[in-house]
Amino acid sequence: MTTPNLTDAGPRSASTPVGDVVLRVRGLQKYFPIQSSFLRRTIGQVKAVENIDLDVHAGETVGLVGESGCGKSTTGRTMLRLLDPTGGTIEIDGRDVTKLSMRQMVPVRRSAQMIFQDPYSSLNPRHTIGKIISSPWEVQGVNPEGGVKKSVQELMARVGLNPEHYNRFPAEFSGGQRQRIGIARALALRPKLIVCDEPVSALDVSIQAQVLNLLEDLQNEFNLAYVFIAHDLSVVRHIADRIAVMYLGRVMEITDSDSLYRSPRHPYTKALLSAIPLPHPSMRGQRERIVLTGDLPSPSNPPSGCVFRTRCWKAQERCATEIPPLSEISPGTSVACHFPEPAKEPVSFTPPQA
Amino acid sequence: MTAQSTGPATAAGTTKRAFLELDDLKVSFQTEDGVVRAVDGVSFALERGRTMAIVGESGSGKSVTSQAIMGLHSRRAAKITGHAWVDGVDIVTAPDAELRALRGQRMAMIFQDPLSSLHPFYTVGKQLVEAVQAHGEVPKAEARRRAVSMLDRVGIPNAARRVDDYPHSFSGGMRQRAMIAMALINNPALLIADEPTTALDVTVQAQILELIRELQAEYNMAIVLITHDLGVVAESADDVTVMYGGRVVERGGVDEIFSRPSMPYTWGLMSSVPDMEADRGKRLEPIPGQPPSLINLPKGCVFRPRCAYAQHVPDGRCDTERPDLTPVDDGHDARCFLTLDQKRTLAVKATGTEEVA
């Protein structure tokens, strides 16, 4: 497999600062063994993540999108060594962390934190908010300036929680507020990188917008890098500078958000985008919709050649025999397809008049 | 269309009732902390062949409303008043035996989570056969034949073989299809779909919505679609009911609601969703604050504590008085004290659309 040069992030919206690389992943693989029920012998492997290359810069948001089972969450967790990679290398903030032990990882976690999807199960119900948010300091042996309580309350105020609720328990908070608690905890160590795994998908839309805005503000304030994992493409498009589309453990396409939505180059990206219902009833029936047939193939037995070929309307013989490498087809855009879609020029969109 | 425009209040009595008609439906639950008014006076009408979307956040009462239509609330736990007519039968007062006959045959429901709504212990086929045999003397072989053809109809590949599989060996999308098959196997006239695609990926969601549309045309079903996804509403619904704090705050035709939303909560909903067709750099405008507690609703307008437009209404009416659902246009009502002009001009500002004609 060739390694396309993703270090050049390509065109990016002007507002995004291009900073140092805080996360560099090369050839990342994660296989889960399938064991026989009797002797626990490994009889196969689920190839959850296969050959992922990614650079994330300070101040940048990289979105990982794909359907359930595509390996996006596994990728996020493996990047932070919450799972041990099967192959490849991971560098966080310039340090190779691929082979570090859990104890050696502790100082690394100061610069890389995670926000989880489920605000109900990711907070210990028996701990007060104060204890939850200050726990990273405790683990790291950090004494925050001005004392723990004051610092926690500053963080709480920063993420939009009432600092007086310091001694309350998670059960007393709503879903959106709990997600704010999770964000405050992730921020406590002033990390450079936060992996956000579906941070808003459990929230109502009005609350979702509050949390998305908060994440954006914090990014600008602290020059944070985000890896933003989500299945909701409109949310990812809103927040991410670059987006990697995953399918069956592989990156199918990676490019900046605007190009991805304006001109998807991989057939899978095109199908995925066309499936999103848009809140414009006047456009009903006017959009080209590609409905993919069938289900995702099993990652323990992926199709030969291109993994998407079994559901692809453009598939030809070559797709079954030859794995298409992720290669750069235009500056900043890499696609793993033998027959990518032609690029579309930018057009300004005006919603049809009602 | 007439049923939507005249509204149930005038339709009741002399005129013929719509196929599904709710009239001042109220559902409340007695809890340790007080009375939860989950649904507080909901009225709407829906004819066969049409889709009504109920939109709202968690706790807005949309699911409780749909469960009341199905008669799923325990009469001991829930206090239900008002009327919910399905094909002339008032669900609120109908005896249990009549409800049982209606459920599954005249009306059916699909739920959000297909895994927890299918029995893990029985094969999909057995559950489908049971649904057929519960409503009439059908020989087992005939019931099974119908089960297979229904599974085939909803797009399960190899239906004749998969009918003997257990739910766990189906994928999420296939389980949702199996549940749709189960709901539709007796050819119901009313389908209630409670967040039918929320647990699914977009590609599967597109397949399922397409399937529901096809089946609606085939069986001339009335569909009540409960969702929080405005995209799904825009693509599937004919009429929209927006609920907040247990009440209808706005209702109207889908084009009307999206092009001329007339209630600050609806504006908030629309501007909180990232729009793929809009500029990427645009900041989202969330609704501040939290949804209200249904035990202790605010005194005046239920949306008042989160509303940014109350200062446009004189004399602090929003704080003291509950607004009624008043007409904005033909077949389009909103529960808000703002004047028509204000609704028009502020909507443009609030939702950022220039779509207001």
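In what follows, every chain begins at residue 1, and chains take the letters A, B, ... in the order their sequences are listed.
A:Ala230 approaches A:Glu198 most closely through the heavy-atom pair CA-OE1, 3.5 Å. Pairing each heavy atom of A:Arg158 with each of A:Leu214, the nearest pair is O-CD1, 3.7 Å. Here the shortest heavy-atom pairing between A:His231 and A:Ser201 reads CE1-CB, 3.8 Å.
Classified by interplanar angle (parallel below 30°, tilted 30° to 60°, perpendicular above 60°), the ring pair A:Tyr268/A:His266 is perpendicular. Aromatic ring orientation, B:Trp267 versus B:Tyr309: perpendicular (interplanar angle above 60°, classes split at 30° and 60°).
Remark: side-chain polar atoms of B:Asp238 are paired, donor with acceptor, to backbone N or O of B:Thr51 under 3.5 angstrom. The closest donor-acceptor contact from the side chain of B:Glu250 to the backbone of B:Met263 lies under 3.5 Å. Put simply, the side chain of B:Ser271 gets close to the backbone of B:Glu285: a donor and an acceptor are under 3.5 Å apart.
Within the 4.5 angstrom heavy-atom criterion, only side-chain atoms of B:Gln205, from C-beta onward, approach chain A. Residue B:Val232 touches chain A through both its backbone and its side chain, counting heavy-atom pairs closer than 4.5 Å. With a threshold of 4.5 angstrom between heavy atoms, B:Ser236 approaches chain A through N, CA, C or O but not through any side-chain atom. Only the side chain of B:Arg213 comes within contact range of chain A, with at least one heavy atom under 4.5 Å from a heavy atom of that chain. Using a 4.5 Å cut-off between heavy atoms, A:Val291 touches chain B through its side chain atoms alone. With a 4.5 Å cut-off on non-hydrogen atoms, A:Leu212 touches chain B through its side chain but not through its backbone. Only the side chain of B:Ser171 comes within less than 4.5 Å of a heavy atom of chain A; its backbone N, CA, C and O stay farther away. Proximity to chain B involves both the backbone and the side chain of A:Leu233, based on heavy atoms less than 4.5 angstrom apart. Interface residue A:Ser174: only side-chain heavy atoms are found under 4.5 Å from chain B.
Ranked by non-hydrogen atom pairs under 4.5 Å with chain A, the options B:Ala206, B:Ala237, B:Pro274 are led by B:Pro274. Residue with the most contacts toward chain A among B:Asp275, B:Leu269, B:Val273, B:Val233: B:Asp275 (heavy-atom pairs, distance under 4.5 Å). Counting heavy-atom pairs closer than 4.5 Å to chain A, the top residue among B:Leu230, B:Thr198, B:Asp201, B:Leu209 is B:Asp201. Of the residues considered (B:Gly56, B:Gly155, B:Ala234), B:Ala234 shows the highest number of contacts with chain A, using heavy-atom pairs under 4.5 Å. Contact count versus chain B (heavy atoms, under 4.5 Å) is highest, among A:Glu216, A:Gln210, A:Gln177, A:Arg237, for A:Arg237.
With a 6.0 Å radius and a threshold of 12 heavy atoms from other residues, nucleotides or ligands, A:Glu164 has its CD atom at or below the threshold.
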